[in-house]
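Note sheet for the following structure.
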Protein chains: 2
Amino acid sequence: MALTREQVVDQAVEILDSYGMADLSMRRLGDALGVKAGALYWHVANKQSLLAAVADRILSQVVGQQMAIADPAAALLLWGGGLRRVLLAHRDSAELVATALASGLCEKDPTEDPRRWLVEAGLDQQRAGWAAQAVLHLVLGHVSEEQNILVMKQLGLLPGGASGSEGFDFALRCLVEGIARQLP
Amino acid sequence: MALTREQVVDQAVEILDSYGMADLSMRRLGDALGVKAGALYWHVANKQSLLAAVADRILSQVVGQQMAIADPAAALLLWGGGLRRVLLAHRDSAELVATALASGLCEKDPTEDPRRWLVEAGLDQQRAGWAAQAVLHLVLGHVSEEQNILVMKQLGLLPGGASGSEGFDFALRCLVEGIARQLP
DNA sequence: ACCTGAACACCGTTCAAGT
DNA sequence: ACCTGAACACCGTTCAAGT
């Protein structure tokens, strides 16, 4: 049977989880699928769009809460925490998602839900967009660092010990409180 | 005369500014210096530490304000804005600084000043560190996006028009206000 | 329609050997 | 001390040709 674009993305996620972003090359991906690297270009325009598809796959696992109107601040906190949890489940995902989003090739806009909640809470479109982007940047930056530290620990360059999420929670709470104060 | 590590870093910054991070390869850097790529490894351990040196060079341009005790929130706003200004002066610098800081090879810790101000304002060491990191992540994330959009516009993939700093200012103000509310 | 073979134009890094 | 030459083991991408 012929290869599917879905199988290509599946295998890419698998390589990412097992070996990290540095080992996610078109050649290795081809090998893992029993196919020459050039064959992948039948299913995917280029590596950038492959990475975008991987990012979309990962971001689709983030749940959209419904508790918007009830308390937008609580919803933002839950959303940020959920996004972090999903990212931590895939090696190097924060960096990958950041670059993929920057490339403009992702189909999903992860800030869509929080933006809507903020608009429903009375913020204008522009400020809502800015605030949602800020939360996204904070989460991606923090998780990116968490994942880099994880790698260092595994290489023995850093002492072990679970990192915990207090730092993330504190930072996210600060930002969300500041955003909440802008609501009418 | 023989090459200097300083000249290597200088030329690297020049290539970064003129051609972007993708064109900053050891081979191109060697060519620009009239030297084979392998020769660079006499002055620099590897590419990662070269990038760290470039990041240090850029970060050294950020001014450390003195107005800490007077008003820590105002100091954080000024610092964030100053960091953004410095980053916007060097192409692709936000992404480069983010990866360089993540590598742990940078000499300078850019959060040192803001962390100290927050401690002087009464925050404990841990929270001060978390808050300063949060501001850094927000700035790097935002400027990274600004610089990517700039590239897209230059390639004609996005309509022109100056972007302005309102989005950045709003996001930074939200975070800093949230941090200020944690002060005793 | 889907894949191979083979090439093109690159990478970072190492290291004997030159000066 | 500092650099060249030349190699090693990789990249992403293209594209005629096969099936």
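What you are looking at is a predicted structure, and each value in this text was computed from that prediction instead of being measured. Note on naming: letters A, B, ... go to the chains in the order of the sequence lines (proteins, then strands), and numbering restarts at 1 for each one.
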Short N-O contact, R28(A) and D31(A), less than 4.0 angstrom: no
Where L88(B) and S93(B) come nearest, the two heavy atoms and their spacing: N-OG, 4.4 Å
Shortest non-hydrogen contact between G178(A) and Q182(A), atoms and distance: O-CG, 3.5 Å
Plane angle bin for F170(A) and W130(B) - parallel if under 30°, tilted between 30 and 60°, otherwise perpendicular: tilted
Listed nucleotide nearest any side-chain atom of A39(B), set dT4(C), dC2(C), dC3(D):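 Given the options dT4(C), dC2(C), dC3(D), the side chain of A39(B) is closest to dC3(D).
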V9(B) vs D56(B) side-chain heavy atoms within contact, under 4.5 Å: no
4.5 Å side-chain heavy-atom contact, I179(A) and V135(A): yes
Between dA9(D) and dC10(C) - C1' atom distance, rounded Å: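 Result for the C1' pair: 14 Å, nearest Å.
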Partner of H137(B) under side-chain hydrogen bond (donor to acceptor under 3.5 Å, both in side chains), chosen from H142(A), E145(A), H137(A): E145(A)
Complement of dA6(C), any strand, by Watson-Crick or G-U distances under 3.5 angstrom: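 Result: dT14(D).
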Mate of dT19(D) where both pairing distances stay under 3.5 Å, Watson-Crick or G-U: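 Answer to the pairing question: dA1(C), which forms a Watson-Crick or G-U pair with dT19(D).
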Atom CD of E6(A): over 12 foreign heavy atoms under 6.0 Å: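 No, the 6.0 Å shell around CD holds no more than 12 heavy atoms from other groups.
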Sub-4.0 Å heavy-atom contacts from residues 40-56 of chain A onto DNA chain C, ordered by number: W42(A), H43(A)
Nucleic acid contacts - residues 16-29 of chain A versus DNA chain D, non-hydrogen atoms under 4.0 Å: S25(A), M26(A), R27(A), R28(A)
